[in-house]
Chemist: 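First, the structure itself, so that you have it in front of you.
Along the sequence shown, the residues carry numbers beginning at 1.
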Amino acid sequence: MHAIDGFLPAKVAEPLHADEIHVWRLQRPKGAGREPLLALLAGYLGVAPGEVRLVAGEHGRPALDPVHGGVLDFNWSHSGEQALVALARGIAPGIDLEQRRTRANALEIAQRFFTAEEAGWLGTLDEAERRTAFLELWTAREAVLKALGRGLAFGLDRLAFRREAAGLVLQWLDGEDPAAWQLHRLDVGVDAFAALAWRGTTRRIRRYALADAA
């Protein structure tokens, strides 16, 4: 197999079973584009990165071209020089990664785009707690909307979350049964937030990192 812009097919750690989701953390150097993603997908497909073909869904969500046989689905998110990739069989995963950063207008954004209950809750928190809670709500929204295949254009106020001891739970999603959805916050360290979502039954989440992304 040959490289694409210096990227070789990633060595897949374990087989991807039907009751699992694999989440990879990898480096996405500035200017790398989709090459790290293509190298990872190539490892699962058993082809060269240059042979991986992607298509865009109706609302722009990237997916594998049917030429690959529909054997798996994926979603990815990148922030800074880090990226997360979720891979699964039989479901469309959604994943979002956001670097922790100061956002002075977090409450203003929430009041404009989140539900009134969520914005009210954020308004009761101090500044540090609000930044954390805002990013938790934002990454959860992005993950669900990406799994839905719609993206932010669907409307940030067309879904809502409630906070429980174990974390955020999808409470309402316009046109969907929220009980049919899974949502998990992913631990990516103190400098970032990440969430993974999918429509379907519970699955085992297995996490990996490429050697140069540790």
Chemist: Can you pull out every salt bridge (Lys or Arg N to Asp or Glu O under 4.0 Å) where at least one residue sits in residues 148-160? Sequence neighbours excluded, please.
Modeler: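 Only Arg158-Asp174 qualify under salt bridge (Lys or Arg N to Asp or Glu O under 4.0 Å).
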
Chemist: Would Leu16 and Leu210 show up in the same hydrophobic cluster when neighbours are defined by side-chain heavy atoms closer than 4.5 Å?
Modeler: yes

Chemist: Hey, what do you get for CD1 (Ile95) to NZ (Lys146), rounding to the nearest 0.5 Å?
Modeler: 7.5 Å

Chemist: Could you measure the distance from the CG atom of Leu41 to the CG atom of Leu54? Nearest 0.5 Å is fine.
Modeler: 6.5 Å

Chemist: How long is the span from the CZ atom in Phe154 to the CG atom in Leu148, to the nearest 0.5 Å?
Modeler: 5.5 Å

Chemist: Do Leu45 and Leu64 make a side-chain contact, defined as non-hydrogen atoms from C-beta onward lying under 4.5 Å apart?
Modeler: yes

Chemist: Verify side chain to side chain contact (heavy atoms under 4.5 Å, CB included) between Glu14 and Glu20, making sure each step is shown before the conclusion.
Modeler: CA-CA 11 Å; Glu14 301 287 347; Glu20 297 178 336; 6.0 Å; no

Chemist: List the steps, then state whether side chain to side chain contact (heavy atoms under 4.5 Å, CB included) holds for Thr124 with Glu129.
Modeler: CA-CA 9 Å; Thr124 67; Glu129 292 175 325; over 6 Å; no

Chemist: Would you compute the distance between atom CG of Leu38 and atom CD of Glu51 and round it to the nearest 0.5 angstrom?
Modeler: 11.5 Å

Chemist: Looking at Arg25 and Ala209, would you say the former's side chain and the latter's main chain have a donor-acceptor pair under 3.5 Å?
Modeler: no

Chemist: Answer yes if Leu170 and Ile205 sit in the same cluster of Ile, Leu, Val, Met, Phe, Trp and Tyr residues linked by side chain heavy atoms under 4.5 Å apart, and no otherwise.
Modeler: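 In one cluster with Leu170: Ile205, no.
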
Chemist: Show which side-chain atoms of residues 66-74 pair as donor or acceptor with protein atoms under 3.5 Å away, not counting sequence neighbours.
Modeler:
{"unit_1": "His68", "atom_1": "NE2", "unit_2": "Arg53", "atom_2": "N", "d": "2.9"}
{"unit_1": "Asp73", "atom_1": "OD1", "unit_2": "Arg61", "atom_2": "NH1", "d": "3.3"}

Chemist: Does any pair with a residue in residues 111-123 pass side-chain hydrogen bond (donor to acceptor under 3.5 Å, both in side chains), and if so which ones, sequence neighbours excluded?
Modeler: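 Passing the test, one end in residues 111-123: Thr115-Glu118, Glu118-Arg141.
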
Chemist: Are Leu183 and Ile91 connected, step by step, through hydrophobic side chains (Ile, Leu, Val, Met, Phe, Trp, Tyr) whose heavy atoms are closer than 4.5 Å?
Modeler: no

Chemist: Can you find a side-chain donor-acceptor pair between His184 and Gln182 that sits under 3.5 Å?
Modeler: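 Result is no, nothing qualifies.
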
Chemist: Applying ring-ring contact (aromatic ring centres under 6.0 Å, His included), name anything that partners His78, two or more places apart in sequence or on another chain.
Modeler: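 ring-ring contact (aromatic ring centres under 6.0 Å, His included) check on His78 returns Trp76.
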
Chemist: Would you check, one step at a time, whether the test side chain to side chain contact (heavy atoms under 4.5 Å, CB included) holds for Leu152 with Phe113?
Modeler: CA-CA 10 Å; Leu152 297 180; Phe113 296 109; over 6 Å; no

Chemist: Return the CD to CZ distance between Gln82 and Arg28, rounded to the nearest 0.5 Å.
Modeler: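 If we round to the nearest 0.5 Å, Gln82:CD and Arg28:CZ are 11.5 Å apart.
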
Chemist: Which pairs count as salt bridge (Lys or Arg N to Asp or Glu O under 4.0 Å) when at least one residue sits in residues 159-168, sequence neighbours excluded?
Modeler: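 Found Glu136-Arg163, Arg162-Glu164.
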
Chemist: For the residue pair Phe114 and Phe134, categorise the inter-ring angle as parallel (less than 30°), tilted (30 to 60°) or perpendicular (more than 60°).
Modeler: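 Judged by the thresholds at 30° and 60°, the geometry between Phe114 and Phe134 is parallel.
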
Chemist: Pair Leu37, Val52 - check side chain to side chain contact (heavy atoms under 4.5 Å, CB included), show working.
Modeler: CA-CA 10 Å; Leu37 170 66; Val52 177; over 6 Å; no

Chemist: Same cluster or not: Leu145 versus Trp138, using hydrophobic residues (I, L, V, M, F, W, Y) connected whenever any side-chain heavy atoms lie under 4.5 Å apart?
Modeler: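 Yes: a chain of side-chain contacts under 4.5 Å links Leu145 to Trp138.
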
Chemist: Enumerate donor-acceptor pairs with a distance under 3.5 Å from any side-chain N or O in residues 187-195 to protein atoms, sequence neighbours excluded.
Modeler:
{"unit_1": "Asp187", "atom_1": "OD1", "unit_2": "Gly189", "atom_2": "N", "d": "3.1"}

Chemist: Quick check for you: to the nearest 0.5 Å, what is the distance between Leu97 atom CG and Leu186 atom CG?
Modeler: 9.0 Å

Chemist: State plainly whether one hydrophobic cluster holds both Tyr208 and Leu40, where clusters connect Ile, Leu, Val, Met, Phe, Trp and Tyr through side-chain heavy atoms under 4.5 angstrom apart.
Modeler: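 Yes, Tyr208 connects to Leu40 through the hydrophobic network.
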
